[in-house]
Amino acid sequence: MNKNIEKLLNEQIEKEYSSSQLYLSMASWSENQGFNGTASFLYKHSDEEREHMLKLVKFINERGGVAVIPAIYKPDVSFDSMEKIFKALLEHEMLVTESINNIVDACLKEKDYSTHNFIQWYVSEQLEEEALARHILDKLRLIGNDKGGLYLFDRDMENASISADTINNVQ
Ligand code: OFO
């Protein structure tokens, strides 16, 4: 496997893993605040990010490279509010998208078309995740400090997951 691409994919393993850890910490904070629906959404999201990491590990190894498993990343444990959580989540996803786009660029430069093909799945995933995070943030900004609104928001989040349909599930 092309060494430059292998290095970039290994860096991406670390980013997916840090996404998983960050969302796990957000889930735990939400659960402790009584936002069980949001916690359930974030626990699922954390598991999905781990799957994204595993997909990269397997791809690198199958292509004759060596996947490097990163050290444990310790995220913040306190997040102040739902709005702050989803603002941080969106900012984090935007960084991940930038990193995926850099891999796409490098694949084209190195003429590595099979990795280019593989990484397209991540390109679509990032589009969905960013759209969903923006949608959730818009809702939270409308709700503001209204406790009844936050209660209903949390109830809707129980059934939300990261997919195109989800955007309709978050009312
Ligand atoms: Fe892995 O999808 Fe976002 O970070």
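When a ligand or atom number is given, it counts from 1 through the structure's own listing order. Keep in mind the model is a prediction, meaning the values are calculated, not measured.
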Side chain to side chain donor-acceptor pair (under 3.5 Å) partners of Lys87, counting only residues at least two apart: Glu91

Residues in side chain to side chain donor-acceptor pair (under 3.5 Å) contact with Asp80, at least two apart in sequence or another chain: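 With sequence neighbours excluded, Asp80 shows a side chain to side chain donor-acceptor pair (under 3.5 Å) to Lys84, given in chain and number order.
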
Ion pair Glu48/Lys44, N-O distance below 4.0 Å: no

Ionic contact status for Glu11 with Lys7, cut-off 4.0 Å: yes

Pair listing, side chain to side chain donor-acceptor pair (under 3.5 Å) test, anchored in residues 98-107, at least two apart: Gln12-Ser99, Lys15-Ser99

Sphere of radius 2.8 Å around atom 1 (Fe) of ligand 1 - protein N, O or S atoms inside: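 Hits for atom 1 (Fe) of ligand 1 below 2.8 Å: Glu16 OE1, Glu49 OE1, His52 ND1.
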
Ser19 and Arg50 side chains, donor-acceptor separation under 3.5 Å: no

